[in-house]
Amino acid sequence: MSVGSYTQRRGELETYFDRTAADNWARLTSDAPVSGIRATVRAGRDEMRNTLLSWLPADMTGTRLLDAGCGTCALTFEAARRGAQVLAIDLSPTLVQVARERLPEDIDPALIDFRSGDMLDPELGRFDFVVAMDSLIHYLAEDICRILATLASRTERSMAVTFAPKTPALALMHFVGGFFPRGDRAPAIEPVAEKKLLKLVAADPALQSWQPGRTHRVSRGFYTSQALEIVPR
């Protein structure tokens, strides 16, 4: 992973989600009415979150989970209900504050450590599980692989991430989006070919003790994302 490219994209995402899109994102992840297009995105995210949760144990008591790119923490809350100690981190302090305010009354606040910052910070410690739902979709395949390699050094049981699969529709959206003025658009989603990502993972020295596990694609209207599980050999 190029430190420069990762840092640049991380900065773009922090600016976008914390300043430009925070209100819209908070609304999308609530129960408030949304447009038809956003309703498909909400439904897709719900399905993807349920998929990732189904890959985690029903009883997570005594385990530690990193929710990398937690947003408003819907997945964090469900993991905490299963007994996990969750470190929920996001680049956007605004969204993390929304998550704090939404903490359900049935969840022990001591189970969740809310943070704003870099999910790759080594000071975050070690984890049993890592989940990164739709927080890597703006990165190139090479960067996703290196992010996995970095997290693998501090993870014991599994990593589950999502990426934007390289489909004709997403490739077209990516191409058309390039014609809009930079100030008028969100950081680009980077369509990634699954075969390329798996090849990179297989070749990375830091991931030699890991292997692909389950995979699942969700396509709901304007939402398309693919989940990939990485587990120890």
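These numbers come from the heavy atoms of this one structure, side chains and all, not from hydrogens, waters or symmetry mates.
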For this session: May I ask whether Met159 and Leu198 are part of the same hydrophobic cluster, defined by side-chain heavy atoms of I, L, V, M, F, W, Y residues being less than 4.5 angstrom apart, directly or through others?
Result: yes
Problem set entry | Side-chain heavy atoms of Leu103 within contact of Pro109, under 4.5 Å | yes
Problem set entry | Option from Asp67, Leu52, Thr63 for which side chain to side chain contact (heavy atoms under 4.5 Å, CB included) with Phe129 holds | Thr63
Exercise. Between Asp143 and Arg146, does a salt bridge (Lys or Arg N to Asp or Glu O under 4.0 Å) hold up when you go through it step by step?
Worked result: CA-CA 5 Å; Asp143 284 344; Arg146 295 309 303 152; over 6 Å; no
Exercise. Would a hydrophobic clustering, with Ile, Leu, Val, Met, Phe, Trp and Tyr connected at side-chain separations under 4.5 Å, put Leu151 with Leu200?
Worked result: no
Exercise. Do Glu190 and Lys166 meet the salt-bridge criterion of a basic N to acidic O distance under 4.0 Å?
Worked result: no
Seminar exercise, completed: Taking every heavy atom of Asp118 against every heavy atom of Ile89, the minimum-distance pair comes out as O-CD1, 3.5 Å
Exercise. When you check the side-chain N and O atoms of Gln226 and Thr162, is any donor under 3.5 Å from an acceptor?
Worked result: no
Problem set entry | Verdict with supporting geometry, Asp134 and Tyr223, side chain to side chain donor-acceptor pair (under 3.5 Å) | CA-CA 11 Å; Asp134 294 348; Tyr223 179 89; 2.7 Å; yes
Exercise. Hey, any chance Leu140 and Val192 share a hydrophobic cluster, counting ILVMFWY side chains that come within less than 4.5 Å of each other, even indirectly?
Worked result: no
Exercise. Between the side chain of Glu156 and the main-chain N/O of Asp128, is any donor-acceptor distance below 3.5 Å?
Worked result: no
Exercise. Checking Ser92 side chain against Leu95 main chain: does a donor-acceptor pair fall under 3.5 Å?
Worked result: yes
For this session: Have a look at Leu65 and tell me which of Val86, Leu111, Thr76 forms a side chain to side chain contact (heavy atoms under 4.5 Å, CB included) with it.
Result: Val86
Exercise. Just wondering, do Leu53 and Trp55 contact through their side chains at under 4.5 Å, heavy atoms?
Worked result: no
For this session: Applying salt bridge (Lys or Arg N to Asp or Glu O under 4.0 Å), run through Glu47 and Arg42 and close with a yes or a no.
Result: CA-CA 9 Å; Glu47 181 180 343; Arg42 179 184 283 174; over 6 Å; no
For this session: May I ask you to decide whether Arg115 forms a salt bridge with Asp90, counting only side-chain N to carboxylate O separations under 4.0 Å?
Result: no
Exercise. Minimum heavy-atom separation for Pro165 to Arg217, with atom names?
Worked result: CB-NH2, 3.4 Å
For this session: Would you check if the side chain of Gln208 reaches a backbone N or O of Ala202 as a donor-acceptor pair within less than 3.5 Å?
Result: yes
Exercise. With distance as the sole test, does Arg220 use its side chain to make a donor-acceptor pair with the main-chain N or O of Arg45 at under 3.5 Å?
Worked result: no
Exercise. Hey, is the main chain of Ala68 close enough, under 3.5 Å, to the side chain of Ser135 for a donor-acceptor pair?
Worked result: yes
Problem set entry | Working for salt bridge (Lys or Arg N to Asp or Glu O under 4.0 Å), residues Arg81 and Asp106 | CA-CA 8 Å; Arg81 286 191 173 102; Asp106 66 313; 2.8 Å; yes
